[in-house]
Protein chains: 2
Amino acid sequence: MSFHSYLASIITVSDELQEAFYKLTHTKEVKKGQLLVRSGERCNDIYFVESGLLRGYYYQEEKEITHWFAREDEFATCFYSFITHVPSAEFIEAIEPCQLVQLPHANLQKLYASFPETERIGRLLTEAYYVRLEGRFLGLQFTTAKERYDNLMKDHPQLLRRASLGHIASYLGITQETLSRIRARQ
Amino acid sequence: MSFHSYLASIITVSDELQEAFYKLTHTKEVKKGQLLVRSGERCNDIYFVESGLLRGYYYQEEKEITHWFAREDEFATCFYSFITHVPSAEFIEAIEPCQLVQLPHANLQKLYASFPETERIGRLLTEAYYVRLEGRFLGLQFTTAKERYDNLMKDHPQLLRRASLGHIASYLGITQETLSRIRARQ
DNA sequence: GTTGATTTTTGATGTAGATCAAAAATGCGG
DNA sequence: CCGCATTTTTGATCTACATCAAAAATCAAC
């Protein structure tokens, strides 16, 4: 979905607002495997994914841990770095070719100031991040690896075809071997 | 610490702002064991803890799971309910007698509108919640029960005297028995 | 296709922490 | 200071998942 259609689905986009959006965002195409943000850099942008698939990951004792996926019609950013202006602990990688819309932090602030209705975007973003994290936290504490896998497949049935087992396993908080065994029996 | 001193330590409090605060907040005293919010109710207030200790908890398969503690000089609310206006999934209980300052959501919005510098409060709150959750998420995934316990004791050495083992164990994501054994050996 | 690199599967074994049960310690109202 | 409720400790056993290692399958470049 285009960023514009997405916006129109959550707020009323006046002509002025539409124009402001065109001025304050720019589109970006990235190839498979390309990094958008590296650990240690500041992440000053939000990306809206028009098409393709991104993942955020970080290193934990030499191992890559996938922290999130963002597919078409979702926002992606290193949330903590974006809100605090601190260098990011994570990488953002395109695991499919992507069509993105980039919105810099400063421009988002301009939008808030001129078009109060856009505050809703910020709110939705914060909520989405918080809720996503909370869900994963509870999942880690209270569900088995198999249940987490089943839930993920229910919400994102295509993910298995689009991301590697290793990415999905670390996202679920288990090893690749365990995920492979979970899939085998059933 | 009084709410006023706390505020003065993070933002400059003009006379007008101080007056607005007096109008828009009110103090509240609660006894040990008293509930501030019940699951199913909306949580429309933030509490600043001037003295005492609160905990947030919810039920997971009949068991109480402590989600957070808030001691003096900290804010407490059912964060998700507060930002989304959805009924709370959690309870807030005073586990010590508390002196609180209550700030309703609507009044916080008024403050934001009239005193832009107060936006910092909202930002700090969001960040604090997000960071706290992220820390616990990573802890659950990558550290042993003992490490989590040691970290908690480093940050809150008094907590063991102020909260029960059961509360602390569920906060750490382990059973009471395991926490008891962890403490025994060392 | 053939080849080498990468990803996924399978097998054997180890372990942190859960569960169930009961004893011991602590706290508290009268 | 006694009796009862609550909290904490200790013991025995069980299990989900990790780790290490190697085989099998898939992918991608030439």
Side-chain angles (χ1 to χ4, degrees), chain A residues 31-35 53 55 57 59-66 69 91 93-97 136-153 158-186, chain B residues 31-35 53 55 57 59-66 69 91 93-97 136-153 158-186:
Chain A
K31 296 192 194 128
K32 177 169 174 167
Q34 205 174 318
L35 293 177
L53 185 61
R55 73 173 180 122
Y57 68 94
Y59 281 90
Q60 177 72 26
E61 286 163 13
E62 329 273 274
K63 283 186 206 132
E64 273 182 19
I65 308 292
T66 296
F69 296 100
F91 295 79
E93 178 193 8
I95 55 181
E96 287 179 0
R136 296 188 64 206
F137 177 74
L138 297 178
L140 214 49
Q141 194 160 181
F142 300 113
T143 61
T144 62
K146 173 151 194 342
E147 286 170 320
R148 274 175 270 150
Y149 172 73
D150 289 344
N151 288 335
L152 183 64
M153 286 305 111
Q158 14 65 355
L159 197 59
L160 202 51
R161 276 176 285 109
R162 298 172 69 180
S164 82
L165 253 207
H167 296 162
I168 295 173
S170 70
Y171 177 81
L172 293 171
I174 56 179
T175 59
Q176 213 183 118
E177 294 95 319
T178 297
L179 181 53
S180 175
R181 278 183 249 264
I182 285 173
R183 292 204 307 162
R185 60 160 202 265
Q186 78 178 349
Chain B
K31 297 193 194 125
K32 178 170 175 168
Q34 205 172 318
L35 292 178
L53 185 61
R55 73 173 181 121
Y57 68 95
Y59 281 92
Q60 177 72 26
E61 286 164 15
E62 327 274 272
K63 283 186 206 132
E64 272 183 20
I65 307 293
T66 296
F69 297 99
F91 296 78
E93 179 194 8
I95 55 180
E96 288 180 0
R136 295 188 65 207
F137 177 74
L138 297 179
L140 213 49
Q141 194 160 182
F142 300 113
T143 61
T144 63
K146 174 155 194 338
E147 287 170 319
R148 273 175 271 152
Y149 172 73
D150 290 342
N151 288 335
L152 183 64
M153 286 305 111
Q158 14 65 352
L159 196 59
L160 201 51
R161 275 175 287 110
R162 299 172 69 181
S164 82
L165 254 206
H167 295 164
I168 295 173
S170 71
Y171 177 81
L172 293 172
I174 56 180
T175 60
Q176 213 182 117
E177 292 95 321
T178 297
L179 181 53
S180 175
R181 279 183 249 265
I182 284 172
R183 292 205 306 162
R185 59 155 200 269
Q186 77 178 358

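Labels below follow one simple rule: chain letters A, B, ... track the order of the sequence lines, proteins then strands, and each chain is numbered from 1. Heavy atoms only: backbone and side chains are in, while hydrogens, waters and symmetry mates are out.
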Cation-pi geometry met for B/Arg55 and B/Phe91 (6.0 Å, 45°): no
Check: protein-nucleotides 24-30 of chain D nitrogen or oxygen pairs below 3.5 Å:
none

Result for side chain to side chain donor-acceptor pair (under 3.5 Å) between B/Glu96 and one of B/Lys32, B/Arg162, B/Lys31 points to B/Arg162
Between C/dG17, C/dT19, D/dA18, spot the one nearest the side chain of A/Thr175, thanks. D/dA18
What is the distance, rounded to the nearest whole Å, between atom CD of B/Glu64 and atom C1' of D/dT7? 13 Å
Tell me the interatomic distance from A/Gln141, atom CD, to C/dA16, atom C1', rounded to whole angstroms. 15 Å
Letter per nucleotide, 5' to 3', of nucleotides 7-15 of chain C [B base touched, S only sugar-phosphate touched, - untouched; heavy atoms, 4.0 Å]: -BBBBB---
Hits for side-chain contact (heavy atoms from CB on, under 4.5 Å) against A/Arg148, two or more places apart or cross-chain, chain-then-number order -> A/Leu140, A/Thr143, A/Ala145, A/Leu172, A/Ile174
Atom CG of A/Leu140 and atom C1' of C/dG17: how far apart are they, to the nearest Å? 14 Å
Could you state the atom-to-atom distance from CD1 of A/Ile182 to P of D/dA16 in whole Å? 11 Å
To the nearest Å, give me how far apart CD (A/Glu147) and P (D/dA16) are. 11 Å
Which of D/dA18, C/dG17, D/dC17 is nearest the side chain of A/Thr144? It is D/dC17
